Q: 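To start, I am sharing the structure in question, which I have written as structure tokens.
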Amino acid sequence: MAEQARSLEDLKSALKEAESPITPDVEEEALPEPKIDEHGRSYATGKRKNAIARVWIKPGNGKIEVNGRDQETYFARPVLRMLLQQPFETADRKDQFDVYATVTGGGLSGQAGAVRHGISRALTFYEPGLRPVLKAGGFLTRDSRVVERKKYGKKKARRSFQFSKR
């Protein structure tokens, strides 16, 4: 391009010659590979408060088993069972996966939250395309709130002893 461009056409042709043969095409981001074991299951760990849940999901008819017991037996309150169904309803995968989970630590509410977190993560490992939907619903975020420790000179974490003037 040592000579000067006399017209717009000269400039266009000079730019075409100068273009590199490899032009980066804007491609959609490739989804990661699904993480599925030899038994056709996907595994994830979920946490909430002090509860830790190990969750396996595989295609099935929607059966959820927690610590070897059915979900109706283990989580007697309907609110806790509803928590377990939320990721499937959000991703439109209701009654398409069987869930097997083992949970330790915490109480029932924390355990239900841990299983929900584990189900959500396992779904994204099984079908990476579901990640944006579950992320928007807030299911992939680990709820980091834990119980505040008790302080000395207090009755509980913040509650003081009753003040007596006399």
Side-chain angles (χ1 to χ4, degrees), residues 19-152 154-159:
E19 271 187 13
S20 65
I22 303 169
T23 55
D25 293 332
V26 179
E27 295 181 21
E28 292 182 24
E29 283 188 32
L31 292 173
E33 288 291 315
K35 297 177 185 173
I36 301 170
D37 66 5
E38 64 273 2
H39 302 292
R41 302 175 304 186
S42 200
Y43 168 79
T45 305
K47 294 181 180 183
R48 168 86 168 93
K49 293 186 178 180
N50 282 334
I52 300 171
R54 301 185 310 155
V55 179
W56 290 267
I57 66 165
K58 64 178 185 177
N61 55 5
K63 193 178 98 177
I64 298 178
E65 193 174 298
V66 181
N67 287 352
R69 290 189 274 174
D70 197 40
Q71 70 167 339
E72 282 81 18
T73 312
Y74 197 83
F75 295 117
R77 291 188 296 189
V79 174
L80 300 179
R81 289 197 302 267
M82 180 200 70
L83 274 177
L84 304 185
Q85 296 298 328
Q86 283 179 336
F88 294 119
E89 291 167 357
T90 305
D92 291 329
R93 299 290 187 271
K94 192 147 170 69
D95 298 332
Q96 293 183 19
F97 288 97
D98 286 343
V99 177
Y100 177 75
T102 57
V103 194
T104 57
L108 284 178
S109 174
Q111 288 185 350
V115 173
R116 181 180 88 159
H117 186 229
I119 289 171
S120 305
R121 291 187 62 199
L123 269 175
T124 60
F125 291 149
Y126 198 88
E127 288 185 56
L130 296 177
R131 184 174 173 80
V133 177
L134 292 171
K135 184 79 174 162
F139 298 114
L140 297 179
T141 306
R142 197 267 202 225
D143 191 353
S144 59
R145 296 176 297 168
V146 290
V147 177
E148 190 175 345
R149 69 173 283 267
K150 183 197 175 300
K151 279 76 169 190
Y152 55 86
K154 301 272 186 179
K155 194 168 188 169
K156 292 171 36 178
R158 298 182 180 204
R159 169 87 165 102

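Bear in mind that the values here come from a model prediction, so they are computed numbers and not experimental data.
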Q: Can you tell me how far the CD atom of E89 sits from the CG atom of D95, to the nearest 0.5 Å?
A: 9.5 Å
Q: Under 3.5 Å, is there a donor on one side chain and an acceptor on the other for T102 and Y100?
A: no
Q: Ignoring hydrogens and geometry, is there a side-chain-to-backbone donor-acceptor pair from D143 to R48 under 3.5 Å?
A: no
Q: For V103 versus N67, what's the shortest heavy-atom pair and its separation?
A: N-OD1, 2.8 Å
Q: Is there a donor-acceptor pair under 3.5 Å between the side chain of D70 and the backbone N or O of E65?
A: no
Q: Partners of D37 by side-chain contact (heavy atoms from CB on, under 4.5 Å), sequence neighbours excluded?
A: H39, R41
Q: Check whether more than 12 heavy atoms from other residues, nucleotides or ligands sit under 6.0 Å from atom NZ of K151, and answer yes or no.
A: yes
Q: For F75, which residues count as a ring-ring contact (aromatic ring centres under 6.0 Å, His included) partner, sequence neighbours excluded?
A: none
Q: What pair of heavy atoms forms the shortest contact from L108 to L80, and how long is it?
A: CB-CD1, 3.9 Å
Q: Specify the closest pair of heavy atoms between L134 and A91, including all atoms of both residues, with the distance to one decimal.
A: CD2-CB, 4.4 Å
Q: State the OG-CZ distance between S109 and R77, to the nearest 0.5 angstrom.
A: 6.5 Å
Q: Do Q85 and R81 have side chains that approach each other closer than 4.5 Å (heavy atoms only, starting at C-beta)?
A: no
Q: Between F139 and V133, does the side chain to side chain contact (heavy atoms under 4.5 Å, CB included) criterion hold? Intermediate values first, please.
A: CA-CA 9 Å; F139 298 114; V133 177; over 6 Å; no
Q: What distance separates F97 CZ from I64 CD1, expressed to the nearest 0.5 Å?
A: 12.0 Å
Q: Quick one: pull up CG in L31 and OG1 in T124 and give me the separation to the nearest 0.5 Å.
A: 11.5 Å
Q: Side chains of residues 125-132: which donor-acceptor partners sit under 3.5 Å, not counting sequence neighbours?
A:
from	atom 1	to	atom 2	distance (Å)
E127	OE1	R93	NE	3.3
E127	OE1	R93	NH2	2.8
E127	OE2	R93	NE	3.0

Q: Does NZ belonging to K150 count more than 12 external heavy atoms closer than 6.0 Å?
A: yes
Q: Heavy atoms only: give me the nearest A122-A44 pair and the separation to one decimal.
A: N-CB, 3.4 Å
Q: Identify the heavy atoms of I52 and K47 that sit nearest to each other, and give their distance.
A: CG1-CG, 4.2 Å
Q: When you measure from the side chain of Q111 to the backbone N and O of G105, does any donor-acceptor pair fall under 3.5 Å?
A: yes
Q: Ignoring hydrogens, what is the shortest heavy-atom contact between A112 and L83? Give both atom names and the distance.
A: CB-CD1, 4.0 Å
Q: Measuring only between side-chain heavy atoms, which start at C-beta, is Q96 closer than 4.5 Å to F88?
A: no
Q: Would a 4.5 Å heavy-atom cut-off, applied to side chains only, mark R116 and I119 as touching?
A: no
Q: Please round to the nearest 0.5 Å and tell me the distance separating atom NZ of K135 and atom OG1 of T90.
A: 14.5 Å
Q: For the pair K35 (side chain) and E33 (backbone), establish whether a donor and an acceptor sit closer than 3.5 Å, ignoring hydrogens and angles.
A: no
